[in-house]
2 protein chains.
Amino acid sequence: MAQKPSRAPSMRDVAQLAGVSAQTVSRVLSDHPNVQPDTRQAVREAARSLGYRRNATARALVTGRSNMIGVITLSTSSYSRMTLIVGIEREAAARGYSVTFVSITDLSARSLEEGLSRLVAQGVDGIITAIPLQGSSAEVESLLNEVPSVAIDSPLPAGQQVAAFDQVHAARLAVEHLIERGHTNIWHVAGPQDWVESDARITGWRDALESAGLQVPPEIYGDWSAASGYRAGLILGRMPDVTAVFVASDEMAFGLIKAVTELGRAVPEDISVVGIDDIELAPYCTPPLTTVRQPLEEIGRHAVQQLDSELGEHAQGGSRNQTRLITPELIVRSSTSTR
Amino acid sequence: MAQKPSRAPSMRDVAQLAGVSAQTVSRVLSDHPNVQPDTRQAVREAARSLGYRRNATARALVTGRSNMIGVITLSTSSYSRMTLIVGIEREAAARGYSVTFVSITDLSARSLEEGLSRLVAQGVDGIITAIPLQGSSAEVESLLNEVPSVAIDSPLPAGQQVAAFDQVHAARLAVEHLIERGHTNIWHVAGPQDWVESDARITGWRDALESAGLQVPPEIYGDWSAASGYRAGLILGRMPDVTAVFVASDEMAFGLIKAVTELGRAVPEDISVVGIDDIELAPYCTPPLTTVRQPLEEIGRHAVQQLDSELGEHAQGGSRNQTRLITPELIVRSSTSTR
DNA sequence: CCATAGGTTGTTATCGATAACAAGCGATCC
DNA sequence: GGATCGCTTGTTATCGATAACAACCTATGG
């Protein structure tokens, strides 16, 4: 049944069938204004009857625009990454872009280079870097110079646009909430060392404590995983004077709560816990997790919007460096109690 | 500082600098065997000094291969989707493909068509459909005929390859575990109605019960979300003779456990619960969740492998319809007890 | 009634690479 | 020593579209 079509129909075929030139077909398909209605009609019909589909590759070659945007991200399979990517994809689709996706395993400059160059080689019009790395390399900078880009999370060097979430503020919200409830000994389980998010959240936590005149204990580093939160919990649960912990991600908070509970300390009666993210399962934690929501899908959309407008200006050459910060929101559930 | 390069260097530029023809440059860059070592060397140097990068668009146009594979998936930001996509991306990268990603919001034939045609228009070499829909439309079939494709989850009609996980077996494993522990009244919270996964898991559950000579209660439908699991829990928790529930996803299991616990029924003492997926948080559920692991990253990799080999054969025209089933594994934690 | 303007359509060149063919050249073989 | 072989390199055509220019035709105005 499936007859093998020797070749997909080209513009020439459509033109021939409609009795016009290829150029006219092109005009019709691009909605140029100056085409006679009947011609337009005829071309449309011919195209439909042949099942014609415009060849994006050829267009890209001649126009210099591929209408693809590249996304590079860490390959952690976390909720947050996925939500971000879905946000990006939606907005991109709405604006007529398709999304090419590259994930890297580690944060080394090597693999960052490798990933970026895959995207550039693929001919994307712009790149969204959803990578939380701090430093970078000359090679990376030069790659990012070849193509307009927007950074999520990380303030990468080149005069780039940034679509971000106010991490410091988020952390401050969480900690202030604990302070309001009367806690004075508030610990922090942070993300891994070289992540900007980790730093920002540490900063927010520290700021909040200091402005309240409270003592700042040492932070404990995790790696975003629930398992690392569990390990932190095994430590903190053994310290009797710890009554509150601000955890840098919901997933780590799950682990921490499990650990301290196993050690016989009740949450929130003995220890209050606040997370960050508001993952889908946060309300179903035992107890339901108080957390700061990150509107990730929105962040993804913003990133695409900025990239799109940057691509628009690109022709003209305007290049201001605006940053759009998104405001976090505290979600109070039951993992925090008044002291 | 950032000088605007009027145009990226082309093969011609490299050729000129190296004092050879464009074709020779092409040969060097494609690692053709018959090139004199010094020529090769000279070309390589010229390319490096110009910062030359091969234009994938032009290559794609002339070779007819874009080295892009398309992935279409539902835009649920679940853990599993992300894991799958990461698996796909890794394997694709390893085989020299880049991945273009389209997510759709609903399972209507309309949006499926829309998404697929975006991919086809973009010129992908092959498509991985990670969409759990049962039915489809003529238009969809015709789109899938234009391009080789592999289905994950769903047995889409066209003589497609399928990379799948043995859902029926997985469900059976879960239920048999409960039966072994002495349970006789085992309920099921299923996924949404028109998903193949839901059906397969229902089938497995039913099979296991029937072969044990047990009664089959009516299934309760959820939508994979923790919230829907919670609702199911509010129902099942009120039925005193229910001692075991097999839940079609870990996320729903989290919700269910929360609900029945709130109703005063202890897990696993009063009610045993088994999920499916083994999400990262499963061990940190209260109590730690017994579940059946889905090796999603592996499934993603398999899908790419099959697609790649299909793309290879495509030239020759072989087209058998092999299916690779991946075996599930039961992970016993503490949410199930002996009756 | 001719000149000009503007709408409509066609022609040609081009984007950046590769495939297919052609040519040059030294070595091997009889 | 001449013919053939095989390695190396260059030439030309092509992929499928669009940009830029050219040509034609129909109104409109003087």
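Every chain is numbered from 1 and lettered A, B, ... according to where its sequence line falls, protein lines coming before strand lines.
With hydrogens and angles left out, the side-chain atoms of A:Thr73 and A:Ser103 include no donor and acceptor closer than 3.5 Å. With hydrogens and angles left out, the side-chain atoms of A:Ser30 and A:Arg54 include a donor and acceptor closer than 3.5 Å. A side-chain donor from one of B:Ser98 and A:Gln122 sits under 3.5 Å from a side-chain acceptor of the other. The closest side-chain donor-acceptor pair between A:Tyr52 and A:Asp13, if any, does not fall under 3.5 angstrom.
As rounded to whole Å, 14 Å separates atom P of D:dC15 from atom CG of A:Leu61. In this entry the distance linking CZ of A:Arg53 with P of D:dA17 reads 12 Å, nearest Å. Rounded to an integer number of Å, the gap from B:Met11 CE to C:dA17 C1' is 6 Å. One can place CG of B:Asp38 at 17 Å from P of D:dC7, the figure rounded to the nearest angstrom. Residue A:Arg65 contributes atom CZ, which lies 16 Å from atom C1' of C:dC15 at whole-angstrom precision. Regarding A:Asn55, its CG atom lies at a distance of 6 Å from the C1' atom of D:dG16, rounded to whole Å. Here C:dT18 presents its P atom at 12 Å from CG of B:Asn67, a figure rounded to the nearest Å. Residue A:Gln16 contributes atom CD, which lies 13 Å from atom P of C:dG10 at whole-angstrom precision.
Within the 4.5 Å cutoff, the side chain of A:Arg65 has no heavy atoms near those of the A:Arg59 side chain. Side-chain contact between A:Thr39 and A:Arg27: absent, with no pair of heavy atoms (C-beta onward) separated by less than 4.5 Å. At a threshold of 4.5 Å between non-hydrogen side-chain atoms, the residues A:Met68 and A:Asp125 do not count as touching. Residues B:Ile128 and B:Ile72 have side chains not in contact (no heavy-atom distance under 4.5 Å, counting atoms from C-beta outward). Within the 4.5 Å cutoff, no side-chain heavy atoms of A:Gln23 are placed close to those of A:Met11.
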Which parts of nucleotides 22-28 of chain C does protein reach within less than 4.0 Å, heavy atoms only, written one letter per nucleotide 5' to 3' as B for base, S for sugar-phosphate only and - for none? -------
Within the 4.0 Å limit for protein heavy atoms, which parts of nucleotides 8-14 of chain D are touched? Write it as a string from 5' to 3', B for base, S for sugar-phosphate only, - for none. BBBB---
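Relative to the axis of its first five pairs, the axis of the last five pairs of the helix from C:dC1-D:dG30 to C:dC30-D:dG1 sits at 50°, rounded to 10 degrees.
Phosphate contact (OP1/OP2 of C:dT18, side-chain N/O of B:Ser26, threshold under 4.0 Å): present.
A salt bridge links A:Asp31 to A:Arg44: at least one charged side-chain nitrogen sits closer than 4.0 Å to a carboxylate oxygen.
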Residues B:Glu89, A:Arg118; criterion salt bridge (charged side-chain N to carboxylate O under 4.0 Å, His left out); working and verdict: CA-CA 12 Å; B:Glu89 205 280 330; A:Arg118 280 230 306 284; 2.7 Å; yes
